[in-house]
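Data block below; observations after.
Computation of the quantities below employed the complete heavy-atom set of this structure, encompassing side-chain atoms and omitting hydrogens, waters and symmetry-equivalent molecules. Computed from a prediction, not measured in an experiment: that's the story for all the values here.
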Amino acid sequence: MSYESDDDDKPLVFRRNARPDTVKPSPQPSSKPSNEDVDSEDDKPLSCKISNVSKGDTNHAKIEPPGTNVSPLLKPLAKDEEEDSDDEKPLSLKYMSKSKVGSSNNHKPHQNGSASNNHNQVKNIGLNKRPPDEERSASVKKPKLSDSVTPVNHKPVALKAETKSDDDHDDDDVPISQRIKKQTASGSNNPSPSVKQKAVVKKSSSSLNQTNKKSKKMMKQKQKESKYSKPSRMPPGSGEGQKWTSLVHSGVIFPPEYKPHGVKMLYNGKPVDLTPEQEEVATMFAVMLDTDYMGKTQFKENFWGDWQKILGKNHTIKNLDKCDFKPIYEWHQAEKEKKKLMTTEEKKAIKEEKMKIEEKYMWAIVDGVKEKVGNFRVEPPGLFRGRGEHPKMGKLKKRIRPSDITINIGKDAPIPECPIPGESWKEIRHDNTVTWLAYWIDPINSKEFKYVFLAASSALKGQSDKEKYEKARKLKGYIEGIRKAYTKDFGSTDVTKKQVAVATYLIDKLALRAGNEKDDDEADTVGCCTLKVENVEPVPPNTLKFDFLGKDSIRYQNDVNVELPVFKAIQQFRTGKAGNDNLFDKLDTSKLNAHLKELMPGLTAKVFRTYNASITLDDMLARETKGGDVAQNLAVYQVANKEVAIICNHQRTVSKSHDAQMTRLNEKIDELKGVIKELENDLTRAKKGKPPTQSSDGKPKKNLNPEALQKKINQANEKIAKMERDKESKEDLKTVALGTSKINYLDPRITVAWCKRHEVPIEKLFNKSLLAKFAWSMDVDPSFRF
DNA sequence: AGATCTACTTAGAAGTCGCGAT
DNA sequence: ATCGCGACTTCTAAGTAGATCT
């Protein structure tokens, strides 16, 4: 079957030929034949197309012909569908198994951040429901509510025992569902005061300090939004962009001060004295001696530039080439070795010591719920490790001090004690419209910030994750119309319109990223809107050869047959331009996104990636699951996961030992084959009543009966078969990173529901971290489809 | 209308852990 | 007991995108 009609399309040469090839040292053989056959249909999700094509099936990279897609949800979402997720269920049903109502000790903050279901859980009294998805974060950017800056002069109040209340190891696990539920929607009476805290957590005066200007703006946005958002269930008291009501945490922890080792490097073959500061930077370089950065001139130049500043004008060291960092490198290796050789107990003790110090920084209390903090450790100084050909690689990333750090915390919360005596924070804010706990200016690029956020397991993150997937699901209801619309615009005489149409097509079909503009002081990578003429080569009659460096300087290479109008359009956009001119000269991401928003509220380019990834998984699982055993089902899942990873171009560098590992596998297989031969020989003899032959090493063999021998042979054969499978999948996945899509693109509810339907334990697919991150999805109905 | 600022998600690599094979 | 490997965790770079400024 397949497609409609005309043969303007040839076999779609849609191969991801050389997957790997980053600019990095991951030289790759290219061209891997990609996967399985799937018969072609035009309205299949992307994934299927890709696989089709790889085999050279006839196919048409056509845009969804209207009406061919069978999905019942292919229409602008009806209200009920939009909300079907589970927001409309009575609360009691939604999270039932997890929350316990009423309890003795609701004065304790709930603790979050662990995957396990703890049955000792306390349920906060408040039956408040978290406000519905869209209202909470969604599209509207809110006015700053507070921003009230507290001058740094304050007596620090230590947040001590409160975070680590007596038993925080066992209340570690409030399921997120419970937390979410608790997140007050009827906000004003914060139901979960953590009484144990010294600084009582109160609701903060949310929207008090808006400026007039800001409120006006807000109104405007509200109007716009109201077209599509659910009626607000927000209580009057809570502000639009409010992310939390109370926030308590302990700030951040700093890396230890530099301890000079005194190992002397050589200059011109002679040892040189360095001050601790100079030595510190030299050591940063020395420990990178065995990385690929050493082969990069840019890296060394940048390092030298920054180090020279620290060495000073008249220093003996005048030329990096005459420096020998080996002694320091070797010292460092020895230190590592020492560490490795420590006994388990020693290691354990050290770890525990560290834990003890860090414990209080690990947690924040958000609206009375104890949540894990994601990155409470300030980044240590080092040399900047930019990816690809980053112009700033090798530059010194200076040490961050408390005076660089801005803390965001609840108005009523104690201000975290500065962990370095005698120093103090740069600034304290009380901004409840943002989720960050602290930030500092990126020392490499002063235009950028480094933030401290809550961990992925937090309710705040979980909520926005869920919103992301709900938005992607909403796209399902619009996609048909959108495809129709851009297909129509391929022929537009308005060049801008035409470019928007083609760009949208690429984003939809190839899951390209939006492609924001980049500065000159960043690696030269592109996304859809920033594609250069030289990145897309049209090969008649209708093939486009893509080759560019995308995010993280990962190479994207793909040959794809497209509809003729797209092909022609690309040719047109290229004419009269140089190779490094922009392909889409009338376009940037904000124009593109502005256009997308007209098609669907809240729609942006990145939603297509989420949508295509999730719909592909859902579709493939549905089609390929054949009701086998758990192992077979897991294999099905992995194939689907891999498909998604390929669509999204999630790559990893081939491990250094990959080849060696393959060789070893082959050797083992050969060895087994030899064993089988011998066994077969013995079997023949045994059948004739003869004793087995001498084994090669001369040891006597047991005289086995034919049945036993046959059994051994079968076992060995099975083992070989398994090893062959392992080999294949290993080779197959050597450059494919499965994790990224699981973490960021695949709606966990698809996985959870599928597991429920096919009796696959969810733990086989989600590790502890993922279970914690996706706690919000665990109670999904088994019939859930994306 | 573009530039800049801000906040947040997405990404691969490096580091660590733990388990099975030897 | 040791090794080797994959799984998982940590780290931080590099994206997207909305808001605000000029």
Side-chain angles (χ1 to χ4, degrees), chain A residues 22 24-26 137-144 213-214 217-218 221 241 243 288 291-292 336 339-340 344 347 351 374-380 382 384-388 390 392-393 397 408 431 433-436 439 441-442 444-451 453-456 460-461 464-465 468 513-519 522-523 525-530 549-554 588-594 596-597 602-607 609-610 613 648-653 655 657-658 660-661 664 668 726 730 733 735 737-741 743-745 766-770:
Chain A
T22 61
K24 292 166 307 186
S26 56
S137 73
S139 38
V140 200
K141 196 62 192 194
K142 291 71 183 199
K144 290 251 148 107
K213 194 168 86 194
K214 282 170 176 170
K217 183 145 208 167
M218 198 174 86
Q221 275 176 319
K243 298 287 190 1
M288 291 179 75
T291 69
D292 298 314
K336 277 208 304 206
K339 227 171 115 186
K340 234 187 357 206
T344 351
K347 283 186 200 160
K351 218 172 142 190
N375 54 328
F376 51 89
R377 277 180 278 258
V378 169
E379 292 173 19
F384 179 65
R385 295 157 105 105
R387 313 259 171 99
H390 199 296
K392 293 192 169 181
M393 65 170 92
K397 205 169 78 163
N408 189 34
D431 184 352
T433 68
V434 294
T435 66
W436 54 266
Y439 81 79
I441 307 273
D442 181 355
I444 290 296
N445 186 346
S446 58
K447 282 177 283 186
E448 288 177 1
F449 303 148
K450 298 285 200 172
Y451 291 94
F453 289 116
L454 293 174
L460 219 47
K461 293 276 193 195
S464 90
D465 213 26
K468 173 182 78 184
R513 295 188 182 82
N516 282 319
E517 297 292 339
K518 297 193 73 187
D519 278 353
E522 297 176 277
T525 62
V526 303
C528 183
C529 293
T530 41
L549 298 181
K551 182 177 181 180
D552 293 308
S553 293
I554 297 291
D588 62 37
T589 50
S590 55
K591 280 179 199 141
L592 180 68
N593 282 334
L596 293 177
K597 286 205 166 44
L603 185 60
T604 62
K606 80 194 270 273
V607 180
R609 268 170 84 82
T610 312
C648 294
N649 202 35
H650 291 146
Q651 300 192 14
R652 58 176 184 165
T653 41
S655 86
S657 56
H658 176 83
Q661 286 173 31
R664 264 167 52 97
K668 280 193 169 172
D726 288 352
K730 193 183 194 115
L733 292 173
T735 63
L738 297 182
T740 309
S741 48
I743 295 170
N744 299 301
Y745 288 103
F766 289 167
N767 63 31
K768 214 176 104 208
S769 309
L770 288 174

Worksheet item: Under 4.0 angstrom, heavy atoms only, what part of the nucleic acid is A:Gly515 near: base, sugar-phosphate, or nothing?
Response: sugar-phosphate
Item to complete: Would you tell me if any nitrogen or oxygen in the side chain of A:Arg609 comes within less than 4.0 Å of OP1 or OP2 on B:dT10?
Response: no
Item to complete: Describe the nucleic acid contact of A:Lys447 in one word from base, sugar-phosphate, nothing, applying a heavy-atom distance below 4.0 Å.
Response: base
Worksheet item: Is the phosphate of B:dC8, meaning OP1 or OP2, less than 4.0 Å from a side-chain N or O of A:Ser464?
Response: no
Practice prompt. With heavy atoms under 4.0 Å as the rule, sort A:Lys336 into base, sugar-phosphate or nothing.
Written response: nothing
Worksheet item: Atom CD1 of A:Ile444 and atom NE2 of A:His390: how far apart are they, to the nearest 0.5 Å?
Response: 8.5 Å
Worksheet item: Excluding sequence neighbours, so at least two apart, what forms ring pair (Phe, Tyr, Trp, His ring centres under 6.0 Å) with A:Phe453?
Response: A:Tyr451
Worksheet, complete the sentence: From CG of A:Asp431 across to P of B:dT6 the rounded distance in Å is 12 Å
Worksheet item: Within the structure, does a side-chain N or O atom of A:Lys597 lie under 4.0 Å from either OP1 or OP2 of C:dG18?
Response: yes
Practice prompt. Ignoring backbone atoms, establish whether A:Gln661 has a side-chain N or O less than 4.0 Å from OP1 or OP2 of C:dG6.
Written response: yes
Worksheet, complete the sentence: For nucleotides 7-14 of chain C, 5' to 3', base contacts (B), sugar-phosphate-only contacts (S) and non-contacts (-) with protein non-hydrogen atoms under 4.0 Å give -SS-SSSB
Worksheet item: If each of A:Arg664 and A:Thr604 is mapped to the nucleotide of DNA chain C with the nearest heavy atom, which maps nearer the 5' terminus, i.e. the 5' end?
Response: A:Arg664
Worksheet item: Has A:Lys468 got a side-chain N or O lying under 4.0 Å from the OP1 or OP2 atom of B:dT10?
Response: yes
Fill in: Separation of atom OH in A:Tyr439 from atom P in B:dT9, rounded to whole Å
18 Å
Discussion item. Does B:dT9 have OP1 or OP2 under 4.0 Å away from a side-chain N or O of A:Tyr451?
Written reply: no
Worksheet item: Going by an N to O cut-off under 4.0 Å, is there a salt bridge joining A:Lys447 and A:Asp519?
Response: yes
Item to complete: Describe the nucleic acid contact of A:Asn593 in one word from base, sugar-phosphate, nothing, applying a heavy-atom distance below 4.0 Å.
Response: sugar-phosphate
Item to complete: Please check the phosphate of C:dC5 (OP1 and OP2 only) for any side-chain N or O of A:Ser655 closer than 4.0 Å.
Response: no
Practice prompt. With heavy atoms under 4.0 Å as the rule, sort A:Ser590 into base, sugar-phosphate or nothing.
Written response: nothing
Worksheet item: In whole angstrom, what separates A:Lys340's NZ from C:dG4's P?
Response: 10 Å
Worksheet entry | OP1 or OP2 of B:dC8 under 4.0 Å from side-chain N/O of A:Lys606 | no
Check nucleotides 18-22 of chain B against the protein and report each pair of N or O atoms closer than 3.5 Å, with its distance, or say if there are none.
residue: B:dT22; atom: OP1; partner: A:Lys668; partner atom: NZ; Å: 3.2

Fill in: Below 4.0 Å: OP1/OP2 of C:dT16 and any side-chain N or O of A:Asn516
yes
